[in-house]
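The block underneath contains the structure these notes are about, expressed in structure tokens.
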Amino acid sequence: MKELNIFIRPEKLEDVKEVLDKVHCGGMTLSTAMGCGTQKGVTEETVNEIKGYKTTINLLPKVKVEVVVNDKDVETVIANICEVCATDHVGDGKIFIKNVEDAVRIRTGERGVKAL
Ligand SMILES: Nc1ncnc2c1ncn2[C@@H]1O[C@H](COP(=O)(O)OP(=O)(O)OP(=O)(O)O)[C@@H](O)[C@H]1O
Ligand SMILES: [Mg+2]
């Protein structure tokens with residue numbers, strides 16, 4: 001099992017939910033977040049406004065989706081998220097991938113992928 005931490009533009013949330021629904025993910029957790037990547041929050045729209053001024057890091061609204069998926073679905077999910085979230089502009093987001101050792105469904109005691 002792998003946990004994907006997916007940072008996306010808020011307006012892409014419905015598309016990402018559809019991608020996850022197609023692999024029958026058992027669940028997901030969503031948080032609203034403020035963040036920046038390599039541009040430190042400077043977008044193509046704001047770059048001219050701040051040129052010449054000293055700025056601090058600018059945090060932009062993002063959505064973070066956490067989902068634990070079966071190993072066999074990982075690459076499909078990643079490819080499909082990249083497809084629906086890519087706009088060809090900076091700030092499209094990022095996916096961090098972590099190993100998950102085990103999982104437990106508290107109600108039944110099921111373990112591993114059965115608990116997803
Ligand atoms: N290294 C990181 N650690 C934690 N969160 C990050 C990291 N990089 C990006 N994020 C999160 O992902 C969001 C989107 O990042 P973003 O797509 O701007 O990455 P980038 O590396 O700057 O790529 P691009 O050049 O395409 O914009 C950020 O607002 C932040 O919430
Ligand atoms: Mg960026």
Side-chain angles (χ1 to χ4, degrees):
M1 293 173 291
K2 297 270 192 292
E3 179 185 329
L4 305 181
N5 286 349
I6 309 164
F7 292 88
I8 54 166
R9 299 179 192 277
E11 62 269 28
K12 293 292 185 181
L13 178 59
E14 289 307 312
D15 295 327
V16 168
K17 279 160 62 182
E18 264 180 42
V19 166
L20 295 175
D21 200 22
K22 280 200 187 116
V23 297
H24 308 294
C25 79
M28 71 184 75
T29 303
L30 178 129
S31 3
T32 53
M34 298 297 287
C36 69
T38 48
Q39 293 80 20
K40 303 287 181 273
V42 178
T43 63
E44 285 156 10
E45 291 75 35
T46 60
V47 69
N48 287 324
E49 289 168 31
I50 64 161
K51 206 178 272 175
Y53 296 89
K54 185 171 167 22
T55 59
T56 54
I57 286 176
N58 183 34
L59 300 176
L60 299 170
K62 297 286 166 185
V63 160
K64 178 183 176 188
V65 179
E66 291 164 69
V67 62
V68 177
V69 296
N70 196 321
D71 286 321
K72 72 177 174 53
D73 296 322
V74 171
E75 290 306 321
T76 308
V77 169
I78 291 171
N80 291 348
I81 285 173
C82 289
E83 193 181 325
V84 299
C85 290
T87 68
D88 206 25
H89 296 279
V90 297
D92 277 346
K94 215 170 260 190
I95 305 172
F96 295 100
I97 303 145
K98 306 182 208 170
N99 284 316
V100 173
E101 202 162 312
D102 205 354
V104 182
R105 175 173 285 111
I106 290 174
R107 177 174 56 86
T108 59
E110 290 164 289
R111 303 293 291 255
V113 289
K114 287 193 202 128
L116 294 184

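Given the structure is predicted, the values throughout are model-derived calculations rather than measurements. One-based numbering along the sequence shown.
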D102 side-chain N/O to G112 backbone N/O, donor-acceptor pair under 3.5 Å: yes

Provide the closest heavy-atom pair for P61 versus P10 in the form atom of the first, atom of the second, distance. O-CD, 3.5 Å

Hydrophobic clusters here meaning ILVMFWY residues chained together by side-chain heavy-atom distances under 4.5 Å, can you tell me if V100 and L4 are in one? no

Sorted by chain and number, sequence neighbours left out, salt bridge (charged side-chain N to carboxylate O under 4.0 Å, His left out) with D15 holds for none

Test item: V69 and M1 side chains (from C-beta on) under 4.5 Å apart, heavy atoms: no

Between I8 and V68, is there a shared hydrophobic cluster once you connect ILVMFWY residues whose side-chain heavy atoms come closer than 4.5 Å? no

Among the clusters formed by ILVMFWY side chains lying less than 4.5 Å apart, do L60 and V16 turn up in the same one? no

Find out whether I81 and V65 are in side-chain contact, i.e. whether some heavy atom of one side chain is under 4.5 Å from a heavy atom of the other. no

In chain order, what residues pass the side-chain contact (heavy atoms from CB on, under 4.5 Å) check against E18, with sequence neighbours excluded? none

Any residue meeting side-chain contact (heavy atoms from CB on, under 4.5 Å) with N70, in chain and number order, not counting sequence neighbours: K72, D73, V113

Test of understanding: with salt bridge (charged side-chain N to carboxylate O under 4.0 Å, His left out), list the residues that count as partners of K62, not counting sequence neighbours. none

Verify the cluster assignment for L116 and V77: are they in a single hydrophobic cluster under the rule of side-chain heavy atoms below 4.5 Å apart? no

Got a sec, which residues hit salt bridge (charged side-chain N to carboxylate O under 4.0 Å, His left out) with K22, two or more places apart in sequence or on another chain? none

Just jot down the salt bridge (charged side-chain N to carboxylate O under 4.0 Å, His left out) partners of E110, sequence neighbours excluded, or say none. R105

Going hydrophobic residue to hydrophobic residue with side-chain gaps under 4.5 angstrom, can you get from I6 over to L59? no

With E75, which residues qualify under side-chain hydrogen bond (donor to acceptor under 3.5 Å, both in side chains), at least two apart? none

Short question: side chain of K12, backbone of V84 - any donor-acceptor pair under 3.5 Å? yes

side-chain hydrogen bond (donor to acceptor under 3.5 Å, both in side chains) partners for K17, two or more places apart: E14

Which residue pairs satisfy the salt bridge (Lys or Arg N to Asp or Glu O under 4.0 Å) criterion with at least one member in residues 78-97, sequence neighbours excluded? R9-D92

Under 3.5 Å donor-acceptor pairs involving side-chain atoms of residues 26-39, not counting sequence neighbours:
none

Side-chain hydrophobic cluster, 4.5 Å single linkage: members besides F96: F7

Distance check, rounded to the nearest 0.5 Å: I95 atom CD1 versus K2 atom NZ? 14.0 Å

Going by side-chain contact (heavy atoms from CB on, under 4.5 Å), name the residues that satisfy it together with V104, two or more places apart in sequence or in a different chain. R111

